Engineer: 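The structure is given below, and queries will be raised subsequently.
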Amino acid sequence: MIPIQPSEITPEHVYLSRRKLLAAMVALAASSLLAACSDAHTEPTALTVAGPLALEGTSTPPLPPLSSDRDELGAPLTPWEAITRYTNFYEFSTSKEGAARLARNFRTAPWTVEVGGLVARPRTFGLEDLYQFEQEERIYRMRCVEGWSMVIPWIGFPLARLLNKVEPLSQARYVRFETLYDPEQMPGQKSSFYPWPYVEGLRLDEAMHDLTILATGLYGRLLLPQNGAPLRLVVPWKYGFKSIKSIVRIDLVEEQPVSLWMAAAPKEYGFYANVNPQVPHPRWSQASERRIGEDRRIPTMLFNGYAEEVAHLYQPLDRREWYY
Ligand SMILES: Nc1nc2c(c(=O)[nH]1)N[C@H]1C(S)=C(S)[C@@H](COP(=O)(O)O)O[C@H]1N2
Ligand SMILES: [Mo]
């Protein structure tokens with residue numbers, strides 16, 4: 001995104017080669033041992049998957065175990081190590097590995113999400129309330145606007161289930177999401193380069209679509225802080241920046257929300273941001289992507305491979321505003 005060096009956005013090297021991945025796994029084993037003494041979030045378990053199963057003081061529901069090692073197109077899941085180390089979370093750092101490191105002690109419990117605006121029943125959801133929704137697994141591709149992608153086995157529930165509880169009023173046309181603002185915990189927010197807090201938005205029908213989920217976990221465990229714990233949005237047919245992390249507010253609104261990226265770089269980022277290989281970013285092509293953990297680039301798909309489910313939301317399909 002804007003301040004990223006061209007060397008970072010240009011996928012000039014593969015992030016995790018096999019050899020590096022092995023090294024990462026060894027390092028991870030060591031760090032989860034250390035974490036056993038210092039970090040209530042991380043319960044050291046298996047070598048490969050060490051996210052928390054429960055949060056202190058919070059009863060969590062049974063989380064569904066991994067159902068498959070592939071997505072519906074046959075692509076293998078991205079290794080847990082890569083998903084949890086290579087993250088975009090600018091509140092902590094603009095460096096991918098730095099964000100994971102600096103988010104380590106982020107307090108994700110207790111936590112509340114205020115849901116209001118144009119609704120009949122505004123309500124504050126605590127973690128226990130969020131875990132009351134039945135948690136399902138969703139294996140989704142995630143395509144970052146920078147040109148890399150992953151296949152992630154999320155755990156969560158459809159956003160529609162939460163929105164239905166607060167009963168949107170008929171004037172509500174959009175949903176606006178906001179990330180926690182807490183510069184003491186999130187050092188990146190001390191930089192005034194971005195208009196904090198991070199804000200994102202969806203049209204109400206996009207928000208109500210069954211593919212749109214609020215994620216609480218991945219790989220059968222609760223989210224680690226760097227992936228947006230305790231609650232983040234996942235909208236798999238849009239560029240990854242729409243999938244806002246560590247949400248504290250959700251408002252039903254009448255006017256199209258202005259996202260952080262629209263405010264920071266209006267010529268580069270619009271409201272819809274649907275994945276389209278034929279519409280280049282002003283500074284690079286979107287025709288292909290680097291699948292993290294693999295050696296080759298693969299073609300990017302219209303709506304990130306979910307066209308059958310979502311293309312009807314965007315008519316006529318050739319309007320430019322749908323794709324930036
Ligand atoms: N609050 C917040 N949400 C965010 C971001 C961020 O910096 N802050 N980065 C976005 C971007 S650019 C991407 S690609 C995804 C990355 O999710 P992941 O790090 O869990 O893979 O989160 C999105 N959500
Ligand atoms: Mo991204």
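First listed ligand is number 1; within each ligand, the first listed atom is number 1. Worth saying up front: this structure is predicted, and the values here are computed from it rather than measured. Heavy atoms only: backbone and side chains are in, while hydrogens, waters and symmetry mates are out.
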Engineer: Under a 4.0 angstrom heavy-atom cut-off, which atoms of ligand 1 come close to Thr87?
Structural biologist: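 Listed by number with element, the hits are 19 (O).
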Engineer: Should the pair Arg232-Glu200 be classified as a salt bridge under the 4.0 Å nitrogen-to-oxygen rule?
Structural biologist: no
Engineer: Any idea how Phe89 and Phe92 line up, ring-wise: parallel (<30°), tilted (30 to 60°), or perpendicular (>60°)?
Structural biologist: perpendicular
Engineer: Return all side-chain donor-acceptor pairs below 3.5 angstrom for residues 169-177, not counting sequence neighbours, or 'none' if the list is empty.
Structural biologist:
{"unit_1": "Arg176", "atom_1": "NH1", "unit_2": "Glu178", "atom_2": "OE1", "d": "2.7"}
{"unit_1": "Arg176", "atom_1": "NH2", "unit_2": "Glu178", "atom_2": "OE1", "d": "3.4"}

Engineer: I want to know whether Tyr194 and Trp261 have ring centres closer than 6.0 Å.
Structural biologist: yes
Engineer: Does Met142 approach ligand 1 within less than 4.0 angstrom via side chain, backbone, both or neither, non-hydrogen atoms only?
Structural biologist: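 It is the side chain that gets close, since no backbone atom is under 4.0 Å.
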Engineer: Measuring from atom 5 (C) of ligand 1, which candidate in Ile83, Thr84, Asn88, Leu218 has the nearest non-hydrogen atom?
Structural biologist: Asn88
Engineer: Hydrogens and angles aside, do Tyr324 and His281 bring a side-chain donor and acceptor to less than 3.5 Å of each other?
Structural biologist: no
Engineer: Just to be sure I read this right, does ligand 1 sit under 4.0 Å from the backbone of Phe89, its side chain, both, or neither, counting only heavy atoms?
Structural biologist: both
Engineer: Atoms of ligand 1 less than 4.0 Å from Tyr90 heavy atoms?
Structural biologist: 6 (C), 7 (O)
Engineer: Is the closest heavy atom of Met150 to ligand 1 under 4.0 Å?
Structural biologist: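 No, Met150 has no heavy atom closer than 4.0 Å to ligand 1.
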Engineer: Is the shortest N/O to N/O distance between Trp154 and ligand 1 below 3.5 Å?
Structural biologist: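 No; the residue has no nitrogen or oxygen that sits under 3.5 Å from a nitrogen or oxygen of the ligand.
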Engineer: Near Thr179, which atoms of ligand 1 are under 4.0 Å from a heavy atom of that residue?
Structural biologist: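 Answer for ligand 1: 1 (N).
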Engineer: Out of Arg85, Glu200, Glu91, who is nearest to atom 8 (N) of ligand 1 when you count heavy atoms only?
Structural biologist: Glu91
Engineer: Does an N or O from Tyr86, backbone or side chain, lie closer than 3.5 Å to an N or O of ligand 1?
Structural biologist: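 For ligand 1, there is no N or O atom that lies under 3.5 Å from one belonging to Tyr86.
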Engineer: Give yes if a backbone or side-chain nitrogen or oxygen of Asn227 is under 3.5 Å from a nitrogen or oxygen of ligand 1, and no if not.
Structural biologist: yes
Engineer: Does Arg320 count as lying over the ring of Tyr323, i.e. NZ or CZ under 6.0 Å from the six-ring centre, within 45 degrees of the axis?
Structural biologist: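 Pair Arg320/Tyr323 does not count as cation-pi.
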Engineer: List every atom of ligand 1 that sits less than 4.0 Å from any heavy atom of Cys144, numbering the atoms from 1 in the order shown and giving each element.
Structural biologist: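 Those atoms are 14 (S).
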Engineer: May I ask you to test the Phe303-Lys238 pair for a side-chain heavy-atom distance under 4.5 Å?
Structural biologist: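 Contact flag for Phe303/Lys238 side chains = no.
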Engineer: Are Phe241 and Tyr269 close enough that their ring centers fall under 6.0 Å?
Structural biologist: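 Centroid separation for Phe241 and Tyr269: below 6.0 Å.
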Engineer: Suppose we call two aromatic rings close when their centres sit under 6.0 Å apart. Are Tyr181 and Trp196 close by that rule?
Structural biologist: no
Engineer: Please identify which atoms of ligand 1 are closer than 4.0 Å to at least one heavy atom of Ile244.
Structural biologist: 3 (N), 24 (N)
Engineer: Tell me whether ligand 1 is touched by Ser243 - counting only heavy atoms on the residue side and a distance under 4.0 Å.
Structural biologist: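 Right, Ser243 reaches ligand 1.
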